[in-house]
Engineer: 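Please see the structure below; I have some questions.
Side chains are part of it too, since the values below use all heavy atoms of this structure and drop only hydrogens, waters and symmetry mates. As the structure is a computational prediction, the values presented were derived from the model and not from experiment. One-based numbering, in listed order, for ligands and for the atoms of each.
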Amino acid sequence: MADTPLKCVIIGSGPAGYTAAIYAARANLEPVLFTGMEPGGQLMTTTDVENFPGYPDGVTGPEMMEDFRKQAERFGTTIRYELISKVDFSGPVHRLWTEGGEEIQAYTVIISTGASAKYLGLESEQRLLNKGVSACAVCDGFFFKGKEVAVVGGGDTAAEEATYLAKLCPKVHLLVRRDEMRASKIMQQRVFHTPNIIVHWNTEAEEILGEDAVEGVRVVNNKTGEKKVLPVEGFFVAIGHKPNTDIFKDWLDMDETGYIKTKCDSTATNVEGVFAAGDAQDKVYRQAVTAAGTGCMAALEAERYLVEKELI
Ligand code: NDP
């Protein structure tokens, strides 16, 4: 494969990657999509998705990603269940290597490697994931309408998730491990002015209680050692995300946390012919539908690039 550069390689198989593949395939770019380690991406660990347009009765994350994959394949996308582990973006032809060591060359590359939510690392947290433990209030908050919930974190995400949940839930416990929040002042003010958000300072979750559903959380005050159980049915982890962009850091401009920088109103990166879509470049919206939107943009921009360079 190393002798004939592909027109378009897509790395990642979430909504951004598959949408890019649908558009690229329909534009005759014969895309090859590398799924990465978790085909389907973050949605594979989600249960019901009710906010993606076109599914009036809702759909599970895995079913939706299966639909995306089938649609991408229907127009001729080649899907390879492999990981790209190294890239070289120094030349006009981009070079990529699979984990098995095979070299791939491509004129355009669409990076849609997504991000991974960070978790606390508690055994009970993993066991109750999707059974009351979630890392996305906008995705799952609705299922906790009328119930008492907890949010962990002190950044903008935690503040945003807590205020979002406060509209649905009678009581939202915000667990902040220090005596101050990292969130922007305006977000903090919003938290402090929402009467049903109770901020627990210097507080860490020790164990999430329950067998098949969350029945409470045992927290500890890390200054006094005092422990108590909060009677919550939902536990939202909002301690940040990590974009899956490590292999690109020698080549692409990124912010300090590893999100790929793209040009204004575009998915173009600092390297010609390399585009970034979805959560790998978006730390604000992080929704399946916005990821799909930028995947579409990336494929249209890749096609335009190939035409301009007379490569197709
Ligand atoms: P941040 O890294 O900003 O904050 C993470 C928070 O989680 C911190 O308060 C941190 O505590 C806490 N934390 C980390 N690990 C643990 C742990 N093991 N136990 C308990 N608490 C922990 O992540 P965010 O996702 O909040 O934000 C990421 C970026 O995205 C920021 O730049 C933010 O401004 C931006 N963003 C912007 C939004 C907007 O503009 N609407 C919305 C959401 C995010 P500590 O402070 O002690 O380190």
Engineer: Regarding ligand 1, does Arg178 bring an N or O atom to under 3.5 Å of one of the ligand's N or O atoms?
Structural biologist: yes

Engineer: Report yes or no: do Glu204 and Asn222 form a side-chain donor-acceptor pair below 3.5 Å?
Structural biologist: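 Present: a donor and an acceptor within the cut-off.
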
Engineer: Identify whether NZ of Lys or CZ of Arg in Arg26 sits under 6.0 Å from the centre of the six-membered ring of Phe75 and within 45° of that ring's axis.
Structural biologist: yes

Engineer: Of all the non-hydrogen atoms in the protein, which one sits nearest to atom 23 (O) of ligand 1, and at what distance?
Structural biologist: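 In this structure, atom 23 (O) of ligand 1 has Gly240 CA, 3.7 Å as its nearest protein heavy atom.
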
Engineer: Can you check atom 7 (O) of ligand 1: any protein non-hydrogen atom closer than 4.0 Å?
Structural biologist: yes

Engineer: For residues Thr78 and Glu30, is any side-chain donor paired with an opposing acceptor at under 3.5 Å?
Structural biologist: no

Engineer: So which heavy atom in the protein is nearest atom 10 (C) of ligand 1, and how far is it from that ligand atom?
Structural biologist: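 Scanning the protein heavy atoms, the shortest distance from atom 10 (C) of ligand 1 goes to Arg177 NH2, 3.9 Å.
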
Engineer: Thr157 versus ligand 1: do any nitrogen or oxygen atoms come within less than 3.5 Å of each other?
Structural biologist: yes

Engineer: Indicate whether any N or O donor in one side chain lies under 3.5 Å from an N or O acceptor in the other, for Tyr259 and Asp279.
Structural biologist: no

Engineer: Compute whether any side-chain donor of one residue and acceptor of the other, for Asn244 and Ser116, lie under 3.5 angstrom apart.
Structural biologist: yes

Engineer: Look up atom 28 (C) of ligand 1 and tell me if a protein heavy atom lies less than 4.0 Å from it?
Structural biologist: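 For atom 28 (C) of ligand 1 the answer is no, since every protein heavy atom stays at 4.0 Å or beyond.
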
Engineer: Looking at ligand 1, does any of its N/O atoms fall within less than 3.5 Å of an N/O of Gly154?
Structural biologist: yes

Engineer: Measure the distance from atom 41 (N) of ligand 1 to every protein heavy atom, then report the residue, atom name and distance (to 0.1 Å) of the closest one.
Structural biologist: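 Ranked first by proximity to atom 41 (N) of ligand 1 is Glu160 OE2, 3.0 Å.
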
Engineer: Passes side chain to side chain contact (heavy atoms under 4.5 Å, CB included), Thr245 versus Leu252? Steps please.
Structural biologist: CA-CA 9 Å; Thr245 57; Leu252 300 183; over 6 Å; no

Engineer: Out of Val176, Ile239, Leu122, who is nearest to atom 13 (N) of ligand 1 when you count heavy atoms only?
Structural biologist: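 Considering heavy atoms of Val176, Ile239, Leu122, the nearest to atom 13 (N) of ligand 1 sits in Ile239.
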
Engineer: For this output row, return yes or no: ring centroids of Phe52 and Phe68 closer than 6.0 angstrom.
Structural biologist: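 Phe52 vs Phe68: aromatic centres under 6.0 Å.
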
Engineer: Evaluate the 4.0 Å heavy atom contact test for atom 17 (C) of ligand 1: does a protein atom fall under the cut-off?
Structural biologist: yes

Engineer: Are Ile260 and Ile111 close enough that some pair of their side-chain heavy atoms sits under 4.5 Å apart?
Structural biologist: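 Yes; the side chains approach each other to less than 4.5 Å.
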
Engineer: Mind checking whether Leu120 contacts ligand 1 via backbone (N, CA, C, O), side chain (CB onward), both or neither, at a 4.0 Å heavy-atom cut-off?
Structural biologist: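 Only the side chain of Leu120 comes within reach of ligand 1.
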
Engineer: Just go through Glu256, Arg182, Lys283 and tell me whose heavy atom is the nearest to atom 3 (O) of ligand 1.
Structural biologist: Arg182

Engineer: Looking only at protein heavy atoms, identify the closest one to atom 34 (O) of ligand 1 and say how far it is in Å.
Structural biologist: Asp156 OD2, 2.6 Å

Engineer: Within a distance under 4.0 Å of any heavy atom of Gly155, pick out the atoms of ligand 1 and give their elements.
Structural biologist: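 Here the atoms of ligand 1 in question are 4 (O), 6 (C), 8 (C), 9 (O), 26 (O).
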
Engineer: Would you compute the distance between atom CD of Glu301 and atom OG1 of Thr267 and round it to the nearest 0.5 angstrom?
Structural biologist: 3.5 Å

